[in-house]
Every structure is written in C-alpha cells, then in structure tokens.
Enquirer: 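Please find one structure pasted underneath; my questions will follow.
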Amino acid sequence: MTALRRHRKLTAIWASEPGWKGWTSSVNHSDLGRMFLVTAFFFFLVGGILAMLIRAQLATPHSAFVDAGAFAQFFTMHGTIMMFLFAIPTFEGLAIYLLPKMLGTRDLAFPRLTAYGYWCYAFGGSMLLIALVLGIAPDGGWFMYPPLTGPLHSPGINTDFWLIGITFVEISAICAAVELTVSILKYRAPGMSLDKMPIFAWYALVTALMILTGFPPLILGSVLLEVERAFGWPFFQADLGGDSLLWQHLFWLFGHPEVYIIFLPAAGVISTIIPVMARTTLLGYGWIVASAVALAFLSFGLWVHHMFTTGIPLMGLAFFSAASTLVAVPTGVQVFAWIGTLWKGRPELHLPMLHILGFFFTFVIGGLTGVMVAVVPFDWQAHDTAFITAHLHYVLFGGFVFPILAGIYYWLPLFTGRKRFFRLGEMAFGLIFVGFHGTFLAMHWVGLMGQRRRIETHDAETGWGVINLISSISSFVMAIGLAMVLVDVLIHAFVAVPGGRNPWKAGTLEWASMSPPPAYNFASLPHVVSRDPFHADPGLPNRLAKGEGYLGDPKASRRETLTVDIATGRPDFMVIYPGNTRLPIVMAAVTGLFFVSILLKLFWLTPLALAGVAALALVWVWRLGAQVDAGPQDAGRGANLPLAGETTKSPGWWGSIFLLAANGTFFGSLLFGYAFLWTVAPGWPPAEWLTPSLAELGIGIAAALSAALAIRFAIRSNCRSARPMTGLVAAFGATVIAILTFAMLLSRVPPPDGHAYAATLCVLCAYALAHALLVSLMLSFAIARILRGYTSAARAAELHIVSLWTDYLAAITILSLLAAHLPGMLA
Amino acid sequence: MKDILRLLLPLLAWLASFSAIYGLHGIGCGLCWPEISYQDVSLVRFALLSAWFAAIFMQVALLFALHMDRFKAVSVFMQWTSIATGWVGLVAVFWTLYPVAVIAACGTYG
Ligand code: HEM
Ligand SMILES: [Cu+2]
C-alpha cells in the first residue's frame with residue numbers, strides 16, 4: 001500500500017462528519033481539543049471584558065459607572081469565569097489536543113467521554129452566561145461564602161446559577177481527568193516506558209490526579225449549599241447545628257490545590273518549550289517529575305492558609321503556615337531546573353521565549369508576595385485588601401497566562417500548518433507585559449494603603465485616586481495587547497503562508513505527523529526508544545507514513561489503536577474505538593435538563609431527567625463489546641495482541657478505578673463534614689440521635705458484603721467457562737436488600753430541616769442508596785449481557801468492572817451505616 | 001501501577017499522618033487530656049509527640065523499603081524518583097508536623 005492510499009483509507013475511517021454535523025457528532029480528540037480551546041478563550045474574552053468594567057469603575061473616586069449590585073456580579077463572574085471556565089478548560093483543551101500526538105497514539109482512552117465532557121462544559125458555561133446577560137448572575141464573590149450565599153441573605157436565583165452551573169462544569173473536569181489519567185498510563189506508543197514520556201505528560205498526569213481528588217470537595221460543598229437553599233436543610237446555619245466554616249473548609253480544600261491545578265500544566269508547557277528554545281535537553285527530568293508530584297501533594301496541606309483570619313485554633317495556624325513555606329521548595333527546584341537548562345543550552349529569543357521570560361519575572365514576584373502572606377501576622381494585616389488581589393494575579397497571570405501564551409505561539413504552527421509573517425506578536429507581548437505590571441504593581445500599593453478588595457467605590461480623601469487611575473489605564477494597555485494576540489492568531493489561522501514541518505526542531509512526537517495533523521494522527525505507530533524520538537531518528541515521519549510502525553494496515557472501518565503496560569511500555573492490548581455519534585451531546589443535554597430542573601425548581605422533571613441519563617448510559621455501554629471471541633489480532637511488527645475486551649483489566653476497568661478515586665474523595669469529604677460539624681459546630685449534640693438498630697446495621701452490612709462475594713464467585717465460574725448466572729443473581733438479590741435497608745433507614749431519620757445532624761445523615765443515606773441502585777442497574781446489565789452472549793471466559797472485562805463498583809458499594813455501606821448508628825449507640 | 005504507587009506512597013503517608021495527628025489533637029482536646037499531666041508534660045503533648053515520632057519512623061521505614069531489593073522499582077528512573085519523593089515525605093512530616101507536635105495547644109474555639 002502506498003503512503004497516499006494509506007492516508008486516504010485511514011482518513012475515511014477516522015474523519016468526523018463534514019460541516020456542522022461534524023461538530024455535534026465528532027468524538028475525535030483533535031476536534032474536541034480545539035473546541036475546548038476556542039470556547040475557553042471565548043470565556044477569557046468575557047472575563048477580560050468584565051475586568052475592564054471593574055477597572056473602569058475603580059478608575060476614579062465616587063465613580064457612578066455601575067451600581068454596587070452590578071459590581072458584585074462583575075467581580076464574582078470575573079473570578080468564576082477565569083478560574084472555572086477559562087483556566088481549567090484551557091488545560092483540558094491543550095491536553096486533549098496534544099497528548100495523543102505526544103504519546104504517539106491515535107486518540108484518548110474514551111473518545112465519547114471527551115465529547116460528553118465538552119458538552120457539559122459548553123452547556124454549564126452557557127447557563128452562567130445567560131445569567132450574566134439577564135442581570136441575575138451570582139454576586140457572592142467567587143468563593144461564595146455562606147451565610148451571605150445562604151437562603152436567608154441571598155434569596156434570589158443568582159447563587160443557584162453558580163452552584164448548579166459550576167457543578168455541571170465540574171462534571172466535565174472529572175471526565176477529562178479520568179480520561180487523561182487512563183490515556184497517559186495506558187495509551188502510549190510501544191516502547192515508551194514511564195521514563196521516556198514527554199515531560200508534559202507527567203505534568204498532565206499529576207494535574208489530572210489532582211483534579212480527581214481536588215474537585216470532589218467543591219462538588220460536595222455546592223451540593224450541600226444547593227440543598228440548603230432548595231429544601232432548607234441547615235448545613236451551614238449555626239443556629240441549627242450547621243457551621244458556615246464547613247463551607248470554607250470544603251471550598252479551600254478544593255481552592256488551594258486549584259491554584260496548582262492551574263500552575264502545573266503551565267509548568268509543563270514551560271518544561272517542554274525551554275529545552276527546545278535552548279537547543280538542548282531538559283536538565284533534571286527526574287527531579288522535575290519528583291518535584292511536580294511533591295508539589296501536588298503538599299498543596300493539599302495548605303488550604304487553611306486562606307482561613308488564617310477565621311479564628312481557627314493555633315495548631316491550624318502553625319501547621320498550615322509551615323506547610324506553606326515548605327511548598328516553596330519543589331517550586332524552587334523546578335525554577336532552578338529551568339534556569340539550568342537555559343544555562344546549559346544556547347537560548348534563542350523567539351516569541352514563545354519572550355512570554356517565558358515574562359513568566360519568570362512575574363511568577364517570582366508572585367511567589368515572594370506569596371511567602372509574605374503565608375506569614376500569619378502579615379496576612380492578618382493584608383487580608384482582603386487589594387494586595388491579595390494583586391498577589392493572586394501575579395501568580396495566576398504570571399503562572400498561567402504567560403506560559404499559555406508561550407504555548408499557543410509554540411504550537412500554533414502545528415495547529416495550523418502555517419508560519420507567522422507579521423511581528424504583531426512581539427508588540428503584543430510588550431503591551432501585555434507593561435500593562436500587566438502597571439495594573440497590579442499599583443494594586444499592591446493601594447492594598448498596603450488599606451484599600452479593600454471588592455469595594456465598588458472609594459473616597460477622594462483616601463489618596464488612592466491616582467494609583468487606581470494608573471492601574472486602570474495600564475489594564476487597558478494590557479487589554480489592547482491581548483486583543484492584538486487574538487488578531488495575530490486569527491491572521492495566522494486564515495491568511496499566513498504554509499510552513500514546513502517541525503519549525504522549532506523539537507524532538508517530541510507531535511511534530512512527527514503532518515501539520516495540521518490528520519484525524520488519525522499517525523499512519524502507523526512508532527516504537528519509541530528515546531525521550532526525544534524525533535531527534536533520535538529524523539527519518540521517523542517518513543517511515544511511519546509508509547506504514548512501517550504498528551497498525552500500519554488499516555482494516556475495514558475499524559478505528560484501532562493499542563495500549564501498553566504501564567511501567568515498561570510493552571504493547572499489551574488492541575483497542576477498537578466507537579465511531580462518530582451524537583450520543584454524547586444528547587446525554588449532556590439530558591444531564592443539563594436535570595440541572596435545569598433543580599435550578600427552576602421543576603422537581604417533577606428531576607426524576608425523569610435522571611431516568612433519561614440512566615437509559616442513555618445503558619445504550620452507551622450496550623453498543624460496546626462483541627458476541628464472539630476474536631482472539632489475538634495482528635498489530636504489525638510481529639505483535640499479536642488480544643482485544644481490550646478480552647482481559648480482566650480493560651480500559652473501562654482503569655477508568656472505573658480513577659472515577660472511584662474521585663468518588664471516594666467525595667464520600668470522604670462528606671464524612672469529614674460530618675465529623676467537623678460534630679466536633680466544631682455550635683449547637684451539637686442534636687435533640688435526638690437516630691434510634692440505633694443492630695438488625696438494620698447487620699443486615700445492611702451482610703447484604704453489601706455478600707453482593708461483593710457473590711460477584712467474585714460469578715467471576716470464578718465464568719473463568720472456568722461455567723455459567724456465572726447464579727452468582728450474579730445472588731449479588732443482585734443482596735443489592736436489593738441493601739437498597740431496602742437504606743430506604744428504611746432514610747424513613748427513620750429525624751426531619752432533615754431541623755438540625756444539621758439529620759440533614760447530614762440524610763445526605764449520607766441518599767448517597768449510599770444511589771450507589772446501591774446504580775450497582776443493581778449494573779448487575780442487571782451484566783445479566784442481560786450474558787443472556788445475549790456478550791460474555792465468555794475470555795470476554796470477562798465487564799464483570800470485573802461491575803465487581804469494582806460492588807466492592808465500592810460494600811465499603812461505603814459499612815462506613816455510612818456505622819456513621820448512622822454509632823452515635824445513637826454511644827449516647 | 002505499582003511504580004506509580006511507589007512514587008505516591010511516601011506522600012500519601014504524609015497526608016494520612018497529617019490527618020491522623022489533626023484528628024488526634026481534636027480528640028485530645030475534646031476529652032480534656034490537657035488536664036492530665038505527668039511532670040509538666042500533658043497527655044495531649046505526649047500523644048502528639050509520640051504520633052509525630054511514629055510518623056517520622058514510618059517515613060524512614062518507607063525510605064528503607066524503597067532501597068531494598070524486595071520492594072524497589074525495577075527501572076532505575078523509578079527507583080530514583082520514588083526515593084526522591086520518599087525524602088520529600090520525610091522532610092514534610094518533620095517540618096510541617098513539628099509545630100503541631102511541639103507548640104500546639106487546645107484553643108478556646110469550638
Ligand atoms: C486579563 C487581565 C485581568 C485583569 C485586568 C483583572 C482584574 C481584576 C480585578 C481588578 C479584580 C478585583 C476585583 C475587586 O477587587 O473587587 C480581579 C479579581 C479576580 N481575578 Fe482578575 N483580572 C485579570 C485576569 C485574571 C485571570 C487570568 C484570572 C485567573 C485565571 C483572574 C482571577 C481573578 C479572581 C479569582 C479574582 C477574585 C474575585 C473575587 O474577589 O471574587 N483574573 N481581577
Ligand atoms: Cu492557597
């Protein structure tokens with residue numbers, strides 16, 4: 001087969017539908033990555049316009065540009081949009097677009113999930129935009145502290161838009177994180193062992209794991225606050241046993257790691273670009289990996305430094321202050337590795353490098369003011385002043401926007417296949433740099449002079465007037481610079497001249513296919529032997545195009561790729577992807593219906609929407625799998641690999657593991673909230689505990705444990721080619737008993753609107769009940785699959801997935817039943 | 001997956017010991033341990049200090065295990081990086097829990 005014929009054949013197999021239809025049905029990671037990026041930058045624009053409005057209002061004393069109510073919506077929406085709708089999705093988009101290309105594979109682990117995540121993001125973000133346009137946007141500040149945002153002080157719908165819209169968007173973050181984790185661990189070119197992964201993949205892996213453990217506390221907090229607002233269950237109201245500090249803990253348990261979730265991908269971009277610009281290799285690859293992992297962990301121990309002024313115990317201050325200083329060490333290691341890399345090479349000052357210099361300068365200052373506020377007495381002084389706002393922009397703009405601009409300019413030739421011919425970008429950089437520092441240096445200054453953040457106006461007598469004016473003018477200079485970047489990118493995408501392959505002479509695999517890359521990325525997959533495969537073998541692109549790698553023989557309309565062993569990179573299974581489908585967008589729309597039903601209090605719609613999601617999910621999974629054993633497949637280069645469905649640890653199994661990790665964090669946060677209220681909140685103990693019942697406790701635990709055991713039994717018999725039916729039916733029966741136990745328990749809990757104890761207990765039971773229902777659904781699915789012949793001794797992947805979820809159910813059943821009954825027993 | 005676990009284990013242990021000691025402090029203060037003391041060392045202080053030593057010991061043990069032939073990673077890169085995170089775990093336990101073990105007192109709040 002010639003290279004051209006192979007290209008045509010592969011394109012026919014992998015291409016999205018033409019025209020607008022392709023937008024809604026594409027499951028291709030390049031399309032979806034681009035869609036993510038474009039949408040994220042659209043939100044950056046909206047957030048930027050809001051920032052301009054804020055600065056216009058603050059430019060002069062007694063300005064009457066907007067009123068206090070509108071101003072509150074502006075700063076709330078600005079912060080919210082920048083953090084949730086711009087920064088995180090930009091990372092997701094970049095990673096979704098680039099990773100398969102860098103890792104030398106054809107798509108991400110779960111293409112339809114990528115699409116579902118995108119649509120959840122688009123729909124959730126639109127909800128917030130609609131609120132903004134209608135003038136009913138959230139106005140409680142981006143961290144939404146109750147009691148200000150509780151039902152008593154914010155009765156309107158504004159806050160609900162935030163809680164519901166953001167939860168919807170978080171679903172997309174969780175999807176992307178599961179997807180990226182599994183893809184990086186399993187979907188790589190053969191031979192790419194962990195130490196040969198491009199450094200960006202390491203950063204993306206760490207970031208994805210952080211999203212999985214960082215976002216669930218916020219999701220939990222939003223759910224609790226929304227339930228409090230919708231049904232009056234008092235989680236955060238002190239007079240009814242709640243505590244508004246619980247929200248602060250849940251929020252910052254997410255919020256601090258979030259800063260690193262934003263910074264780490266940017267650091268990944270920097271670590272990728274610097275060696276290329278310096279014409280050398282990255283200094284201290286292992287050091288960087290270790291410090292990225294360390295940074296991720298340490299950042300989880302810092303959240304309380306946002307709460308230094310809330311009157312938490314001395315011990316909290318001491319611990320979190322120490323942890324905050326410690327986190328500077330791994331950051332420093334990375335910065336030194338970058339400087340060392342520049343030192344060792346011969347840096348060239350291309351445009352991406354300018355932005356990286358902008359990053360260095362800005363981020364270091366942000367880090368220094370960060371150390372200042374980590375010192376408790378200083379923080380007491382500077383808390384909630386413009387100084388803090390200035391510090392956070394030095395970190396976020398310096399640590400995210402500059403690196404991302406560097407990344408955009410670095411990968412633009414790959415995205416478009418063209419080369420720049422104006423020098424617009426250099427001028428834009430100058431304006432952004434000068435404008436940025438003008439804006440925020442000034443804000444440090446007024447902050448130290450006592451100007452609080454989030455005030456909509458100030459008096460002439462304060463002497464802040466001139467400084468604020470300088471800040472506002474500078475911010476407009478920055479805005480012009482950013483607009484020029486936009487123009488530059490548009491020119492590049494549509495009118496610039498075509499450029500050659502690999503303009504920067506980089507060594508990573510994304511440059512080894514055409515620019516822009518075809519839908520299938522690689523005509524055949526390389527065998528990787530070095531960290532810079534392209535440098536090791538400059539002839540690689542041609543040989544891949546000629547089909548000399550793996551999977552060079554496209555088979556009738558099958559989208560094929562292969563997975564590897566995590567540590568060694570030895571190929572282990574062949575994967576066949578589903579094709580284009582509109583299922584993800586439909587499912588996201590029905591998920592949206594669920595959220596809208598709560599937002600508009602159309603509670604009759606809620607169960608319908610949930611049933612819709614469940615039905616679509618069944619269709620989603622039913623379409624996978626086969627009714628005959630296919631046996632080992634020829635993957636080229638002498639590799640014979642079984643299909644991913646004919647194993648115990650399929651991609652779906654890996655996906656479940658990481659989804660359960662996020663789910664477990666959610667449950668853990670719930671238990672934390674329970675313990676926190678119990679020990680810290682005023683108004684405890686409640687008037688009455690749940691009447692403990694040994695029978696309920698025993699039956700529930702026994703049922704959940706037997707379900708987990710019965711599944712194991714089913715798997716054992718399936719493995720010996722016997723019928724697994726008995727075990728599965730037994731497991732199903734046991735799960736039904738667990739459902740009944742929780743339903744029973746739920747009916748006995750004291751009224752949840754009376755005290756935070758009962759409210760928490762209800763949430764705990766509802767959570768367990770929902771999981772029991774889910775597992776019963778999965779078991780019925782497994783039974784149906786067996787009846788239809790989708791399962792055999794080899795095709796056992798689905799049973800193992802169901803078994804994971806049943807185990808999880810057993811764990812949460814035991815814990816939540818104990819949490820429900822123990823207090824009553826001890827009292 | 002085992003390699004990834006090796007990389008994460010020391011830091012997971014740090015997170016766990018941090019939560020445990022935090023919880024211990026809460027329990028201790030809740031049960032009036034500060035009033036029980038022997039030769040000027042109160043029971044809370046004693047409990048916190050021993051927990052801190054135990055956590056340090058655990059990190060040292062982990063670090064040893066990561067060096068041992070039975071537990072260490074196969075690839076040199078993973079051996080090296082997991083030992084690096086092992087050191088991070090040790091330093092983190094020492095540095096971040098030091099103030100808690102040595103100076104923390106029971107606050108008036110809550
Ligand atoms: C494009 C240039 C930007 C400008 C001119 C700007 C301007 C501002 C201003 C003036 C405030 C303070 C509002 C007040 O004190 O009442 C603010 C708040 C904030 N900004 Fe920005 N910003 C920019 C970019 C960003 C970016 C890129 C991010 C994050 C990735 C971000 C995140 C935030 C957050 C979280 C707040 C706090 C909101 C709150 O207090 O509720 N900003 N911004
Ligand atoms: Cu923080």
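Quick caveat, the model's predicted, so the values are computed rather than measured. Residue numbering restarts at 1 for every chain, and letters A, B, ... go by the order of the sequence lines.
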Enquirer: Can you measure from CG (B:L15) to OG1 (A:T213) and round to the nearest 0.5 angstrom?
Expert: 9.0 Å
Enquirer: Ignoring hydrogens, what is the shortest heavy-atom contact between B:W14 and A:F297? Give both atom names and the distance.
Expert: CZ3-O, 3.5 Å
Enquirer: So which residue, A:V289, A:L185, A:L298, A:L205, ends up with the most heavy-atom pairs under 4.5 Å with chain B?
Expert: A:L298
Enquirer: Report the relative orientation of the aromatic rings in B:W80 and A:W287; use parallel for angles under 30°, tilted for 30 to 60°, perpendicular for over 60°.
Expert: perpendicular
Enquirer: Check whether more than 12 heavy atoms from other residues, nucleotides or ligands sit under 6.0 Å from atom CH2 of A:W678, and answer yes or no.
Expert: yes
Enquirer: Do the side chains of B:V91 and A:V329 get nearer than 4.5 Å, heavy atoms only?
Expert: no
Enquirer: Is it the case that over 12 heavy atoms from other parts of the model lie below 6.0 angstrom from the CZ atom of B:F77?
Expert: yes
Enquirer: What option among A:W654, A:F300, A:W684 has the most heavy-atom pairs under 4.5 Å with chain B?
Expert: A:W654
Enquirer: Below 4.5 Å, heavy-atom pairs only: which of B:L7, B:L11, B:L8, B:T81 has the largest tally toward chain A?
Expert: B:L11
Enquirer: If you count heavy-atom pairs under 4.5 Å with chain B, which of A:I566, A:L326, A:I657, A:D565 comes out on top?
Expert: A:L326
